[in-house]
Each structure stands twice: as C-alpha cells, then as structure tokens.
Amino acid sequence: MQKIWLSSPHMGGTEIDYIQEAFNSNWVAPLGPNVNGFESDLESYLGAPQQVAALSSGTAALHLGLILLGIQPGDFVICQSMTFSASANPIAYLGATPVFIDSESTTWNLCPVALEASIVDLTSKGTKPKAIIAVHLYGMPFQADEILAISEKYNIPVLEDSAEALGSIYKGKKCGTLGTIGILSFNGNKIITTSGGGALTTSNPALKEKAVFLATQARDAAPHYQHSEIGYNYRMSNICAGIGRGQMEVLDAHIALRRKAHQFYMDFFKDMADVEILHEPTADFYSNHWLSAIVLSSYEQREALRIAFETVNIETRPLWKPMHLQPVFENCPYYGEKVAEELFQKGLCLPSGSNLSDEDFERITNVLVTFFKK
Ligand SMILES: *Cc1c(COP(=O)(O)O)cnc(C)c1O
C-alpha cells in the first residue's frame with residue numbers, strides 16, 4: 001500500500017520551465033531573474049504596499065526579522081508556546097531569552113490574556129519584552145485585533161510567523177501582512193514549496209533593503225569586499241525561486257483543495273460531540289487549512305487513532321509539542337494555563353495535502369469509520 005503523507009510537495013507543472021530558463025541563461029548562480037520574479041509574484045499576492053525578500057528558509061527570515069527589530073543579547077522575546085521550534089530558536093541564536101505564552105482554545109494560537117499578563121509582569125521586573133512572535137498555526141489566523149491592540153498599547157512590535165499561513169486571511173488582510181515584519185516558509189511540507197526556502201515581508205521598504213543587505217553578507221558599496229556589519233548567507237537561489245514562481249501559479253487552486261480536504265473532515269465529524277476539529281470561528285477568519293487537525297477525548301484515544309492510521313501506511317502527527325515543555329527550553333519563563341498542553345496530549349493532524357486522490361480519501365474514510373464504528 002502506497003504511503004499517504006500528511007502533506008507532501010505538489011508541483012503544478014510549470015516549475016520546470018522556470019528552472020530550464022535559469023539553465024538556458026546560466027543563472028544557476030544565486031540571485032537572478034527568478035528571485036526578482038518570485039518576490040514580485042508574492043508582493044502582488046500579498047497586496048501593496050507589502051515588500052518581500054526571498055530567503056533560504058523561514059528560520060533565516062525569523063532570525064533576520066529579530067535582528068531588524070533590534071533584538072540584543074539579554075533581551076526578552078515573547079513567543080507562542082505551541083509552535084514549531086523554528087519560531088523560537090532564532091531568539092536563542094541572538095542570546096535573548098524566549099518567554100513562552102499559552103494558546104487560546106478557539107484558534108489554538110497566542111492567548112491575548114496570557115500575553116498581556118506576561119508583558120505587565122515582565123515590565124514590573126524591569127525586563128520589558130522587545131518583540132512578540134505570533135504564529136498562524138496550521139493556517140488559522142491568530143486573534144489579530146486583540147494581539148495588535150496589545151502590541152500597540154505596550155509599543156512592542158509583532159513578528160508574524162506566517163510560515164504555515166500563506167493565503168490565509170484575517171478581516172480582508174492576507175496573513176504575512178499583519179505584523180511589523182512577517183515571515184513565510186516554502187519548506188517541502190508547506191502549502192507551496194521551493195524545495196527549501198522562506199521570505200521576509202514588510203510594508204517598510206527600508207526594512208526589506210536591510211534584510212537583503214544582511215542576507216547577502218552585509219557587503220558595503222565598494223569595489224572590494226568591505227564590511228561594517230556581521231552578515232549572513234541567507235538569500236534564496238535562482239533555481240529555488242524558479243520552483244516558487246511555478247508554485248505561485250497553482251497556489252490558489254491548491255488552497256481550494258486543502259479547504260476541500262478540511263470540509264471532508266468537517267462533514268465526517270459534524271455530529272460527533274467528542275471530536276473537536278480546528279475550524280474558522282467567524283467570517284473574520286479565512287484559513288488556507290494547511291493541515292486539518294482534530295482533538296480527541298483522551299491521549300489514549302489519540303494514540304489509538306494514530307496507530308490505526310500508521311498500520312495501513314497513512315501518516316498523521318500529534319499537534320506541535322509546546323516549547324515550554326521542550327527539554328531545550330525548560331528554564332524559560334512561561335505564562336498561561338494548560339490549553340496548549342492539553343491540545344498536545346489529545347490532538348492529531350490528519351492527511352491534508354492538495355494532492356490527495358479519491359482513493360486516498362477512501363482509505364482515510366475506512367480507517368475513520370472502523371475506528372469510530374460509524
Ligand atoms: C516551517 C515553519 C518554520 C520554519 O520554516 P523553514 O522554512 O522550515 O525554516 C517556522 N515556523 C513555523 C510555524 C513553521 O511551521
């Protein structure tokens with residue numbers, strides 16, 4: 001039986017044409033026309049005045065984002081606890097301290113109440129946080145009105161981790177354009193892929209320019225190699241960007257297919273009170289439904305379902321393990337209750353790719369029907 005993946009790369013077909021063009025013109029070296037083309041494709045997709053810098057990964061984009069926000073060794077940076085470790089690692093790269101915040105139970109993202117409590121408490125101790133990393137998990141927009149209001153009230157910028165949310169929308173605004181700086185990921189399992197890559201987005205042209213400068217070894221304007229700042233090798237290659245240009249042509253079609261997969265699970269679980277499925281709470285939220293995720297009634301039931309899928313070669317995965325429970329971050333401050341922890345105990349991501357076939361859905365249905373005796 002062929003493996004059904006949680007989320008696997010899905011090429012549209014024209015990616016190879018952009019790569020061929022790069023070979024034909026010998027733009028195999030980094031940078032080149034595909035990088036500029038991919039950036040302008042993303043800029044039109046996100047809408048004016050957003051500016052995009054194509055980078056080697058989403059993690060690199062987060063690292064540069066924190067540098068652009070002026071994060072220094074010893075600073076405190078707030079980060080949603082339930083997320084992929086790449087949201088938090090760049091805080092540690094800079095010698096700053098991550099402060100982890102619980103989720104709220106509607107979007108599973110940053111809890112505004114715990115966020116504000118942490119800011120008040122840290123400020124009273126003389127360690128006012130310097131940035132807030134908020135994540136749109138599984139493509140679901142975070143409670144942006146509440147979080148941006150807190151950001152404004154305390155004058156702390158939001159670094160918007162939109163790695164999983166390209167194409168998601170909050171109140172008419174595309175995710176990736178809500179914070180002072182946003183980041184995207186084009187890793188192999190994301191909604192579109194460049195085989196590996198990411199981007200930094202901002203409406204501030206000076207910040208984009210600085211991001212590109214830092215990402216290309218911080219070279220000063222001189223005929224020789226001259227440097228006044230520490231630089232990084234974080235730019236996207238012209239080959240990877242070619243894949244990205246082809247993927248942009250099918251992005252909306254692939255979002256429609258992910259949303260269809262999500263509707264399939266919504267229909268299956270609709271009258272099952274003991275299974276919760278992550279869904280758009282109101283018309284203000286539009287998710288690309290990168291991954292469809294459910295919460296079962298116990299850890300044991302979650303594991304039993306995961307293993308039932310695994311037995312027939314279908315990949316599923318527990319939700320992200322919160323960062324405050326990770327051994328590497330065990331000494332970092334945490335604010336909140338046990339929302340993220342419980343989601344981690346009982347939650348499971350289901351196959352959600354845009355390339356699932358009717359036969360794949362049949363195999364998935366069979367497992368669910370047998371398991372829930374429906
Ligand atoms: C994938 C991901 C990243 C990192 O992106 P890479 O391109 O893999 O470096 C960061 N944050 C979240 C939430 C992600 O899912």
Side-chain angles (χ1 to χ4, degrees), residues 5-9 35 38 42 52-67 77-94 98 100-101 103 107-110 131-142 144 147 158-168 175-176 178-179 181-201 211 215 232-237 240-241 243-244 247 258 278 287-293 317-324 326 328-329 340 343-344 347 349 352-353:
W5 299 94
L6 197 60
S7 176
S8 64
V35 175
F38 186 41
L42 285 164
V52 173
L55 301 172
S56 54
S57 71
T59 311
L62 283 159
H63 189 189
L64 292 185
L66 289 173
I67 293 169
V77 175
I78 285 174
C79 184
Q80 182 168 321
S81 187
M82 197 165 94
T83 184
F84 181 42
S85 63
S87 304
N89 284 337
I91 303 170
Y93 299 168
L94 291 168
F100 295 112
I101 308 292
S103 295
T107 69
W108 302 358
N109 293 316
L110 200 56
I132 300 165
I133 300 177
V135 189
H136 307 292
L137 227 47
Y138 307 120
M140 183 61 68
F142 54 69
I147 286 162
V158 169
L159 177 51
E160 182 192 1
D161 183 343
S162 197
E164 303 177 2
L166 178 58
S168 296
C175 289
L178 303 169
I181 292 174
I183 74 100
L184 301 169
S185 169
F186 313 112
N187 198 358
N189 60 353
K190 299 288 157 69
I191 194 116
I192 62 166
T193 184
T194 57
S195 81
L200 183 143
T201 90
Y232 302 85
N233 184 4
Y234 277 174
R235 201 71 163 118
M236 180 177 280
S237 89
C240 292
I243 305 175
Q247 289 270 277
R258 299 246 178 193
L278 178 63
S287 173
N288 66 12
H289 288 305
W290 172 57
L291 292 186
S292 291
R317 190 169 302 142
L319 303 191
W320 297 120
K321 179 171 180 172
M323 289 305 116
H324 71 281
Q326 299 284 0
V328 70
F329 292 125
L343 287 168
F344 168 62
C349 295
S352 308

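One-based numbering, in listed order, for ligands and for the atoms of each. For clarity, every value in this text was computed on a predicted model and none was experimentally measured.
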- Task: Flag the pair Tyr232 / Tyr93 as yes when their ring centroid distance falls below 6.0 Å, and as no otherwise.
- Result: no
- Distance to 0.1 Å, residue and atom name: give those for the protein heavy atom nearest to atom 14 (C) of ligand 1. Lys190 NZ, 3.3 Å
- Answer whether the closest heavy-atom distance between the side chains of Ser195 and Cys240 falls below 4.5 Å. yes
- Item | Residue portion contacting ligand 1 (non-hydrogen atoms closer than 4.0 Å) for Ile183 | neither
- Message: Does only the side chain of Ala163 get under 4.0 Å from ligand 1, or the backbone, or both, or neither? Count heavy atoms.
- Response: side chain
- Distance from His136 atom NE2 to Glu164 atom CD, nearest 0.5 Å? 10.5 Å
- Item | Smallest separation among heavy atoms of Leu319 and Ala293, with atom names | CD2-CB, 3.8 Å
- Any N/O of Trp290 closer than 3.5 Å to an N/O of ligand 1? no
- Message: For Gly139, is there any backbone N or O sitting under 3.5 Å from a side-chain donor or acceptor partner on Ser168?
- Response: yes
- Closest non-hydrogen protein atom to atom 11 (N) of ligand 1, residue and atom name please, with distance? Asp161 OD2, 2.7 Å
- Task: Within a distance under 4.0 Å of any heavy atom of Ser185, pick out the atoms of ligand 1 and give their elements.
- Result: 1 (C), 5 (O), 6 (P), 7 (O), 8 (O)
- Considering heavy atoms of the protein only, find what lies nearest to atom 8 (O) of ligand 1 and give residue, atom and distance to 0.1 Å. Asn187 ND2, 3.1 Å
- Message: If we only consider heavy atoms of Ala61, is any one of them less than 4.0 Å away from an atom in ligand 1?
- Response: no
- Item | Geometric class of the Tyr138/Trp108 ring pair [parallel <30°, tilted 30-60°, perpendicular >60°] | perpendicular
- Any Ser87 heavy atom less than 4.0 Å to ligand 1: yes
- Note on the structure: Looking only at heavy atoms, the pair that brings Ala340 and Ser103 closest together is CB-OG, 3.9 Å
- Item | Donor-acceptor contact below 3.5 Å, side chain Glu160 vs main chain Gly176 | yes
- Query: Which of the atoms in ligand 1, numbered in the order shown and given with their element, are less than 4.0 Å from a heavy-atom of Ser57?
  - Reply: 7 (O), 9 (O)
- Counting distance only, does the side-chain N/O of Asn109 pair as donor-acceptor with the main-chain N or O of Met140 below 3.5 Å? yes
- Query: Below 3.5 angstrom, do we get any N/O pair linking Leu137 and ligand 1?
  - Reply: no
- Message: Tell me the closest heavy-atom pair linking Asn288 and Arg258, and the distance in Å.
- Response: O-CB, 3.4 Å
- Short N or O distance, Trp320 and ligand 1, threshold 3.5 Å exclusive: no
- ligand 1 atoms in contact with Thr83 (distance to a heavy atom under 4.0 Å): 13 (C)
- Item | Distance filter under 4.0 Å to Val135 heavy atoms, resulting ligand 1 atoms | 13 (C)
- With heavy atoms of Gly197 as the reference, note each atom of ligand 1 found under 4.0 Å away. 7 (O)
- Message: Under 4.0 Å, heavy-atom basis, I'd like to know which part of Thr59 is in contact with ligand 1: side chain, backbone, both or neither.
- Response: both
- Side-chain (Ser56) to main-chain (Gly197) donor-acceptor, under 3.5 angstrom: no
- Query: Which ligand 1 atoms does Ala86 reach within 4.0 Å, using its non-hydrogen atoms?
  - Reply: 3 (C), 4 (C), 10 (C)
- Message: Students should be able to answer this: which protein heavy-atom is nearest to atom 15 (O) of ligand 1, and at what distance?
- Response: Glu164 OE2, 2.6 Å
